[in-house]
Every structure is written in C-alpha cells, then in structure tokens.
Amino acid sequence: MVRKEIVISLIKYALLITITAYIFIVIAVFLIPHLPLSNKRTFHIMLRTQITLDHEMEVTENGEGRSHLLFLGSSVVERGVSDTFLDTLFNRQHIPYYVTNSAAGGFFSKANLLMFRNMLENGLKPKRVIYGIFLQELNGRSIVHNNINDTSEMKFRKKSLSNVLQYGAASLTSMLDAPNFHIYLFAINNAFRDIHDPNFFQRLSFGENMFERDSNYILNPEYLKDLKEIYHLCKERNIPFAFFNAPIRPKVGSIADLPYLHRLEAYHAVEQFALTENIPIWNFDKNGLFGDDEFLDTYHLTSDGAHKMTAMLANKIAIWQNGHIEQDITTPLPDSGRSKVQDSLIRTVFDF
Amino acid sequence: MIFNSLAFAIFLPIVLALYYVLPFKGQNRMLLLASLFFYAWWDWRFLGLLALTILIDFYASHAVHRAKTHKRKKQWMLLSVITNVIVLVIFKYSNFFVQSFAVGLSNLGFVVHAPTLALVLPIGISFYTFMSMAYVIDVYRGQLTPTPHLFDFALFVCYFPHLVAGPILRAPQLLPQLTHERRIKLEQIRDGISLIVIGYVRKVVIADIIAPLVSEAFTHMDTMGSGDLILRMYLFAIQLYGDFAGYSDIARGVSKLFGIELNLNFATPYLSQNITEFWRRWHISLSSWLRDYVYIPLGGNRKGKSRTYLNNFLTMLIGGLWHGANWTYVVWGALNGLYLGIHKAYLDLSGKPQKQSIEPLKWTFVTPFKIFFVFTLAAFAFIIFRSPNFLSAWMYVTKMLSFQGGVTSVGSSVFIIPFVILAFLLDVSQYTRLGEKFVAHAPLWQRAIVFGILFGLVLTAGADNSQPFIYYQF
C-alpha cells in the first residue's frame, strides 16, 4: 500500500497541470483571431467560414446598415479581389455594401459549397454572392481537395466553452502545422491581394505560389454540380448571384506553366449554365486587359493586378446593383463563347 | 501500446491505481501482468517469444551459478548468449543476411534466388534480449547472484516502461528495486510527472512537428536546394533526439511513479565538445552495454594501440547493426567508429588525456564552435541512419554538398524556429540543472503553470497528430 499523501500529491499535481493546460488551450483559442474549431483536414475551409461569420457579426454589431456582398471561388479570387479596396470604392460611390472575400486558395467548387452551406447554416445573410471562376475550377484535382471525402461530415462549431474544451486542442494543432499555419497567416493578412510589395519576412510567412501543374485535366461533372448547388442555395434564399472569369497571364514563362488544355470545355459549361439561368457572367480574360507584370505567376495577380481587377468588378457590381444583368458575351450562342476562350488559349500558347 | 496513445492514457492511471492499493507482492505480480498486457496490446503472439527468452535466461543464470567448474559455467553462459543471438538473427537479421549473401553471389556472377522469411519484427526485441543476455553474463562474471524467483526476473525483463525502447537496464541496478519493498517519495512523484511532461514535449511538440519536414527532404530531395537539405539534416538530428530522449524521459517519469528509478539515457548529447563525449551522452544505456559486453571482451584498450582502434571500430559497427537489419545502420556505425578513431588519434598525438566521465567540460570562447562541429558530425552521420538505403543516402549527401540552390522552402523553415529554440532551452535547462532545481524548489503553483502550459502544448500538438516512436522499430 502506498501512503495516502503520496496518492493525494500525485492526483493534486496531475490535476493542477491538466487544469492549467486546458486554461491555456481555452485562452489561446479565444485569443487567436478567427481560429475555427476544426481539425487539420478541415482547417482551411473552416477558417474562411469563421472569418466570414466574424466579419458579418462585427459589421452588424457596428450598426452600419450596409449589406453583405460575398465573394467565393478559388485562389484566383482569394488573391485577385481586394475586399478592403472594394469597400472604399463602394463608400465613395455610396453603394451600400460591405465585402468579404471568402475564396479559399487550393480549393474548388466542392470546398466552396461546403463553406457556403456552413455559413448559411450559421446565420450568414449575404445580400449578393459573386463566384469567381477559373477554368481549372471544374476539374477537381487538387492535393488539398483529396482530403475532402465526406463533405456532409464537416460541420462548423460555434465557440462555446464546452466546444472549446472538447475541440480546442485539435483546432490549435493547425497552428503547429507548417502548411496550415502558412494558410492562416496568408488568410488573415490578405496576402497578396492587399500587400503591395511583400517584404522578406512577409514572403517567408506567406510562402510562394503553389499550384497544380497539369494541363490535361478533363471536365468533372461532379464539380459543375457543386457549382450549380451553390447557385441553387442562393436562388432558394433569393440571393442574387453572379459569375466572373479570372484572367490568366498573357505570356507563359515555362512549359510547366501552360494553362489547362480543357479550360475551353469548362468555360463553355459554365457559360451555358449562366445563360440558361440568366446569371450575370463577367469575363476578365480578354486580350489587352492585363499585362504580364500584373501577375505573380500564370494565374495569380499581383497586388496591383488585384486592385485593377477589383476596380473593374466594382463597376460591374454597380451596374448589376441597379438591376442590370450583364452577360459579357457578344451573342448568347455557345459557339461565340467558345471562340472567345479559344482566342485566349491560342494567345497564351502562341506567346510561349 | 505506445506512450503517445489514448490506450496508454487509460492504461497508466488504472495500473497506478491498482499499484497504490496493493501490498508489495501484489504490486510486483500486477506490474508483471500489466507489462505483459502492455506488450500484448501490440501483438499477443509474441508473448511466447518473450516468455522463451525469460525462461531460457532464468534457468541458464541458475545453471551458471550452480556449475562447479569454470568450463561448465562458460558453457551455460554461451548457451544463453547463442540462444539470444539466434532469436535476434531469426527475427531481425535473417532476411538481411540471406539477401546480402545473395547479392554478394550475384556480384560474383552466380544467379541466386534467395528465399526470405515473412517475419514480423517483434517490437523491443533488441532491448529485452540485450538486457536478458547481460543478466546471464553478469552472473557468469560473478558480479550478480541470480534471483531465485522467476516472476522477479520476468518483471526485470519486461517491466513495461523500458520494455520496447529502453533504456537497456542492468540487473544490479533494477533487480534490487524490484525485489525489495519500495517506499515512494514525494520527490519521485513530483519529478516523475515533470519528466513525463518534458518527455511528451520532446516527442509530440518537437520531434513530431519536425518529422514531416524531414520526411519531405528524404522523399523529394530532387526538388530541394542544398540549403534545404543541410537545414533538414540538422532538423532530423533534432527530431531523432526529441523522439528517443522523449521516450526515455517518459519511461523514467512513469517508472518514478512506481517508485522505481531508471537510468538516464541521454545527457544533453548535442552540447558535447568532442565526439567521444557525444557517445558518452547519447543513448548511454546502449553505449555502456556495448562497452561492457563487446568492447571490453574484445580486449578494450589492453592489447595495444592498434587493437584499441580496431576494438572501438568493431564495437561501433555492432552498435550500428543492433539498430536494424540494413547496411545503412552498419555504415552509420562504421562512420561513427571512424569519428571516434580520429578523435582518439588526435588525443594520442597531442598527448591530451581522455576524460572518462560525462561531467561538463570547461567552457571557453571556442566551446560553441566545438559544440556546433560535433553536432554537425552527428547530424551528417544521421543522414545514413535515416535513409532507406545506401543509394538514397548517397544521393542526399551528394546533392547537399553540391551547394546548388539555397533554402527554397523558407516558409516552413521559419515556422520551425520556435520548436528548435524550445528543444535548445530544454537541453540547456538539463545541462545547467536549472530545470532540476526549478522542479525541486519552485512553489507548486509555479510548477503547475510551467508544466501546465507545456502540457497544453502537448495536448495541442498531439490532438490531431500521433506518430510512433522511431526506436520502436529497433
């Protein structure tokens, strides 16, 4: 038999350490801005969901009386649309919107659907939704994407004390994981869309552009279905919805950067859907709109490029807000859309 | 069962609760059962092998003790050694030897289809066979009287804190603690819990967080610059140390809660000022085992200078092979043997005395440079240790030393800095004994805050990430 005071000492010390550990976890979860309750696999999606919900709550609490304009999409939107710049432009033009760019780099329509569904389930009330597409959008192959197997399982959890005690440690794990920590720093700093000229430390923190290098993806109907589902979620709630098509760099630097050969099919599919549902679609992938120096790589805009595209978007939104549905195609025939994108494709390959 | 698993988090409190309410004899029986359960959790079928080792060495030790003549004693001792070596060879090295032989023959022009055995490597086999075998040798040398109780000997071999990854304990140190009634002291509880937390920090917070960056380097070395590979060479050295020293700390801490003291296995090896000192501080239980049961029987330094060099080299070669059935471990051992030989030659030529203890050496202006140099030597050798085969190690080293391309993955590398600093601070606090003093003298609330935050980090890092200990495979 071991003496009683030994047992009491063991229990007391172990309990004190455990209680302190949990206090540390709870404080850390509440102190780290926008940290979602998620595991490493779902961190990327839930982070954007948490940021968006936090932003809406903050504006609502301030009683500013503005409506929420939400951007969804992949990294070309994440890096290409400056929400703070749009806010400034809207203020100047007295357009009553505030903007959240919730696009998540590395993810495509499936992840955006999951994010958006969680946002709506948790009370997000966007006035309008704009989905920035890029033509890889519908191929669905991504390293990050492979982690999402069962999207119905992923549920956003509110930060109640019991939830934090239960899931706090797992959510903090993402802060101790190099790729997720990088995503976090990237997201809360709006890199690179708002940081004009990243300094050395910012580049260290945010990392460099990483994108899939494959040019023979085929159109995946499943992801088109997800994109349509996002639209239908908006339609059910009478939320006006629009598409825009992100630009690609006129000149391709290397063979590895060649754009996806199946982008034509993807664009055609999205365009046809937009025409059928009378959804505005704005195409920024046009000859002469953007120069080589406005791109970080083949797909992602620099801060200057992002501000330029954001200004163009502001004009489109201003027109749309007045009830005008602008479909950025010369004729509604599918073949004309085809030739327009074909032109962009030929231009790219030719330049190379 | 691994220390960083939910199963162990349930297992340990139950075993402790039972241990604390049972009388002395019951404690030992229960510890033995718990240890067998701990081992069986991995694969119960290998309990038979463990039992076989225990039975053979228990009866061999008594036969050695009872034998009237020296020759007879030696025969019994050799029977034990040979049996243990056979068990190791069959389960650990058979395929390695067969395949190496076949490759050798094919190099000579003979086409050979080598049969291989589909055997699972029993975890901890290298640790418990060495302990059990050393016990019989100690009895043979007259340094130990064998315990009359089979259960005590069985508990000595399979006491669960050390069973699967050491430290490799000696009977004179552990057996008396098992056979005599124990009185747990308050300091043991305090030190034990603190050691467990530190061990988990080393393993879960430092080693496991660094691990993916190291794996990336060894699987995608073609996409990395020299700078990346150099950086990750050092990172692997830190990972391996965190992993193994973390295990040893947890083992020692858990054992203290039972009132049983285990040996220190790592004494801040990366603060060593020469390679000989490094090997006195790194995996101390194995180094001292090899010294006592391989180096000294080979003649040690008693048979002239050239023989001393050879004995040193052979001991390190065997130490390398002990780690695993792969030529990479042999080459790693040989490289370390070479390091030690060069250092010894330097001492011989300069006439400097060789220190025998692991007491801290004198610090001067050049000390940090010496420490960094020794750390680099150790880290360089660990490239071979970590590589799946010799070709891969060669490619890593040649690419690293081509000095082409800098650090391309800077983002990840910067991320790792706080963890490297944490590893360094833990070692400094151990080296200077500040940690020890803090645990011994700081008020409870201060200790609760420091170790609570560290434990919070462990819960955080381990919540969504659990990796097995590297030394489990040995």
Side-chain angles (χ1 to χ4, degrees), chain A residues 1-29 32 35 38-43 165-186 191 200-208 210, chain B residues 13 16-17 19-24 26-27 182-190 192-194 196-197 204-205 208-210 212-213 216 257-259 407-419 444-445 447-465:
Chain A
M1 282 280 284
V2 172
R3 282 178 296 146
K4 206 173 168 184
E5 64 263 33
I6 296 285
V7 180
I8 291 170
S9 157
L10 171 65
I11 294 172
K12 198 165 84 176
Y13 196 22
L15 264 180
L16 271 174
I17 286 178
T18 309
I19 290 167
T20 315
Y22 273 94
I23 291 172
F24 163 79
I25 288 168
V26 170
I27 292 172
V29 169
I32 298 173
L35 183 78
S38 66
N39 58 23
K40 283 203 297 199
R41 197 169 58 93
T42 62
F43 179 76
L165 285 172
Q166 196 175 346
Y167 305 109
S171 69
L172 282 171
T173 307
S174 300
M175 297 287 98
L176 301 178
D177 172 66
N180 276 329
F181 186 66
H182 155 73
I183 285 166
Y184 177 79
L185 284 182
F186 195 97
F200 178 68
F201 184 73
Q202 284 164 331
R203 282 200 177 272
L204 289 187
S205 308
F206 307 147
E208 300 296 334
M210 294 284 287
Chain B
L16 277 174
Y19 184 84
Y20 287 169
V21 295
L22 286 169
F24 170 63
Q27 285 179 336
R182 295 171 287 271
R183 283 187 67 81
I184 303 174
K185 295 174 197 148
L186 277 172
E187 303 89 82
Q188 284 181 306
I189 297 294
R190 187 190 61 202
I193 292 182
S194 309
I196 292 170
V197 174
V204 180
V205 182
D208 287 357
I209 285 177
I210 290 175
L213 298 171
E216 197 183 12
L257 302 184
F258 295 106
V407 182
T408 52
S409 55
V410 274
S412 307
S413 310
V414 169
F415 165 83
I416 223 72
I417 288 173
F419 305 101
L444 179 64
W445 67 270
R447 279 182 283 135
I449 289 175
V450 170
F451 287 99
I453 291 172
L454 288 174
F455 188 50
L457 272 175
V458 171
L459 291 176
T460 297
D464 205 13
N465 182 29

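In what follows, every heavy atom counts, from backbone to side chain, and hydrogens, waters and symmetry copies are set aside. Numbered from 1 within each chain, the chains take letters A, B, ... in sequence-line order.
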Item checked: NZ/NE/NH1/NH2 to OD/OE distance under 4.0 Å, B:Glu187 and B:Lys185 -> no
Margin query: Can you tell me how the ring of A:Phe43 sits relative to the ring of A:Tyr184, calling it parallel under 30°, perpendicular over 60° and tilted otherwise?
Written below: tilted
Check: Does the side-chain contact (heavy atoms from CB on, under 4.5 Å) test come out yes or no for B:Phe419 and A:Leu176, once each step is laid out?
Finding: CA-CA 9 Å; B:Phe419 305 101; A:Leu176 301 178; 3.5 Å; yes
Margin query: Enumerate the salt bridge (Lys or Arg N to Asp or Glu O under 4.0 Å) contacts for residues 165-178 of chain A, please, sequence neighbours excluded, ordered by first and then second residue.
Written below: A:Lys40-A:Asp177
Check: With a 4.5 angstrom heavy-atom cut-off, which part of A:Tyr167 approaches chain B: side chain, backbone, both or neither?
Finding: neither
Notebook entry, point to check: Does any heavy atom of chain A fall under 4.5 Å from the side chain of B:Leu257, the backbone, both, or neither of them?
Noted result: side chain
Item checked: B:Leu454 versus chain A, the contacting section by heavy-atom distance below 4.5 Å -> neither
Notebook entry, point to check: Side chain, backbone, both or neither: which part of A:Leu10 has an atom under 4.5 Å from a heavy atom of chain B?
Noted result: both
Notebook entry, point to check: Side chain of A:Thr173, backbone of B:Ala461: donor and acceptor closer than 3.5 Å?
Noted result: no
Notebook entry, point to check: Quick one: does NZ or CZ of B:Arg447 land under 6.0 Å from the six-membered ring centre of A:Tyr13, within 45 degrees of the ring axis?
Noted result: yes
Note to self: Return the CG to CD1 distance between B:Leu186 and A:Ile8, rounded to the nearest 0.5 Å.
What the structure shows: 10.5 Å
Note to self: If I measure from the heavy atoms of chain A, does B:Gln27 come under 4.5 Å with its side chain, its backbone, both, or neither?
What the structure shows: side chain
Checklist line | Most contacts with chain B, counted as non-hydrogen pairs under 4.5 angstrom, among A:Ile19, A:Ile6, A:Leu16 | finding: A:Ile6
Next item on the list: Please state whether the side chain, the backbone, both or neither of A:Ser171 comes within less than 4.5 Å of a heavy atom of chain B.
Entry: neither
Check: Looking at B:Leu457, B:Leu16, B:Val450, which one has more heavy-atom pairs under 4.5 Å with chain A than the rest?
Finding: B:Leu457
Next item on the list: Identify which part of B:Arg190 has an atom lying under 4.5 Å from any heavy atom of chain A, answering side chain, backbone, both or neither.
Entry: both
Notebook entry, point to check: If you count heavy-atom pairs under 4.5 Å between each of B:Ile184, B:Leu22, B:Val21 and chain A, which one has the most?
Noted result: B:Ile184
